[in-house]
Amino acid sequence: RDVDAQVGLQFFARQSYQFKGVRTTHSGLGDVTVRAKWTYLRNEKIGAAAAVIPFLKVPTSTGGVGNEHVEGGIIFPWAMSLGAGTAAGAMASWDVVRNDANNGYDSRWLMSGFVRQHIVGPLGVYAEATLGVSSSTLSSFAGGMGAGATWDVSKSLQFDYGVSRGLGSRATDWLHGLRVRWSF
C-alpha cells in the first residue's frame with residue numbers, strides 16, 4: 001500500500017519557440033518516465049501524506065520534441081486535507097538534466113505548491129505556483145503561477161486542464177496543459 005511503480009508517456013507533445021522573430025514548432029510523441037513512489041508518512045486521521053519519488057526519463061520522443069538524453073531525479077511531495085473539500089500540498093525536487101550547451105548535465109532545484117477545491121460532483125479547481133533554478137543559471141530563475149480545473153471521471157480516471165503564466169527571464173510566457181491520470 002505504501003509502494004507503487006509508475007510509467008508516464010506523453011502521447012502528444014508540441015513545443016513552440018520564438019527567437020529573434022523566428023518561430024520554430026516541433027510536435028510528436030514525448031518521452032517515457034519511469035518512477036517509483038514510497039509513501040513514508042500517511043496520517044489518515046488528519047488527511048496528510050508525504051512520499052519520496054525517484055524517477056528516470058528515457059528518451060523515446062519523436063519529431064524533435066525531446067532532448068534525446070537520459071535524465072532523472074528525486075521528488076519529495078507532501079499533501080494534506082484542509083477540510084470542506086479543500087486540499088493543499090507542496091513539493092521539492094532535485095533533477096539532473098541536460099545542460100543548455102548540450103555538452104553535459106546540470107542540477108535543477110524546483111519547489112511548487114498548490115491548493116485544490118472540490119466544487120460539485122466530480123469537478124474541482126486549483127491554483128498552483130512553481131519556482132525553479134538551475135546550477136548553470138543561479139542568477140536567474142524560472143517560475144509560474146496558474147490555475148486549472150479537474151474532472152474526476154472515476155476513482156481511477158481524472159482529467160486536468162491548466163493554464164499558467166511564466167515568471168522570470170527563463171520561463172515560458174504561457175503554458176497550457178491537458179493531463180489524463182489513469183491508475184489500475
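Under the 4.5 Å side-chain criterion, counting only non-hydrogen atoms from C-beta, Arg181 is not in contact with Leu157. Side-chain contact between Glu71 and Arg98 is present, with heavy atoms from C-beta onward closer than 4.5 Å. Put simply, the side chain of Leu29 does not reach to within 4.5 Å of the side chain of Ser61, judged on heavy atoms. Residues Ile75 and Phe55 are in side-chain contact: their nearest non-hydrogen atoms beyond the backbone lie under 4.5 Å apart. Side-chain contact between Pro122 and Val153 is absent, with no heavy atoms from C-beta onward closer than 4.5 Å. Residues Glu128 and Met145 fail the side-chain proximity criterion, which asks for heavy atoms closer than 4.5 Å. Between Leu131 and Leu110, every side-chain heavy-atom pair lies at or beyond the 4.5 Å cut-off.
The aromatic rings of Tyr161 and His176 lie parallel to each other, their planes meeting at an angle below 30°, with 60° marking the opposite boundary. The aromatic rings of Trp38 and Tyr40 are tilted relative to each other, their planes meeting at an angle between 30° and 60°.
Hydrophobic clustering, with ILVMFWY side chains joined whenever heavy atoms are under 4.5 angstrom apart, keeps Val7 apart from Val58. Residues Met80 and Ile53 do not share a hydrophobic cluster, defined by chaining ILVMFWY side chains whose heavy atoms lie under 4.5 Å apart. Cluster membership check: Ile46 does not share its hydrophobic cluster with Leu82, using side-chain heavy-atom separations under 4.5 Å among Ile, Leu, Val, Met, Phe, Trp and Tyr. Under the 4.5 Å side-chain heavy-atom criterion for ILVMFWY residues, a single connected hydrophobic cluster contains both Ile74 and Leu41.
Asp160 and Gln158 share no side-chain donor-acceptor pair at under 3.5 Å. Between the side chains of Trp174 and Ser164, no donor N or O sits under 3.5 Å from an acceptor N or O.
For the atom pair Trp151 CH2 and Phe159 CZ, the distance stands at 6.0 Å (nearest 0.5 Å). With rounding to the nearest 0.5 Å, the separation of CE in Met91 from OG in Ser112 is 3.5 Å. For the atom pair CG of Leu9 and CG of Asp31, the computed distance is 9.0 Å after rounding to the nearest 0.5 Å. Atoms OG1 and CD1, from Thr150 and Ile119 in turn, are 8.5 Å apart once rounded to the nearest 0.5 Å.
Residues Val52 and Phe76 approach most closely at CG2-CE2, 3.5 Å, considering heavy atoms.
Under the side chain to side chain contact (heavy atoms under 4.5 Å, CB included) test applied with Lys57, the options Val97, Val34, Asn67, Val96 reduce to a single match, Asn67.
Contact check on Asp152 versus Arg116 returns a salt bridge, with a Lys/Arg side-chain nitrogen under 4.0 Å from an Asp/Glu carboxylate oxygen.
Without hydrogens or angle criteria, Asn99 side chain to Asn103 main chain gives a donor-acceptor distance under 3.5 Å. For Arg165 (side chain) and Asp173 (main-chain N/O), a donor-acceptor pair under 3.5 Å exists by modelled atom type.
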Subject >> Evaluation steps, side chain to side chain contact (heavy atoms under 4.5 Å, CB included), between Ser135 and Trp109 >> reply: CA-CA 8 Å; Ser135 61; Trp109 297 274; 4.0 Å; yes

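Listed by first and then second residue, the side-chain hydrogen bond (donor to acceptor under 3.5 Å, both in side chains) pairs that reach into residues 80-93 are Thr86-Gln117, Ser93-Asp95, sequence neighbours excluded.
Atom CD of Glu68 has 12 or fewer neighbouring heavy atoms from other residues, nucleotides or ligands inside a 6.0 Å radius.
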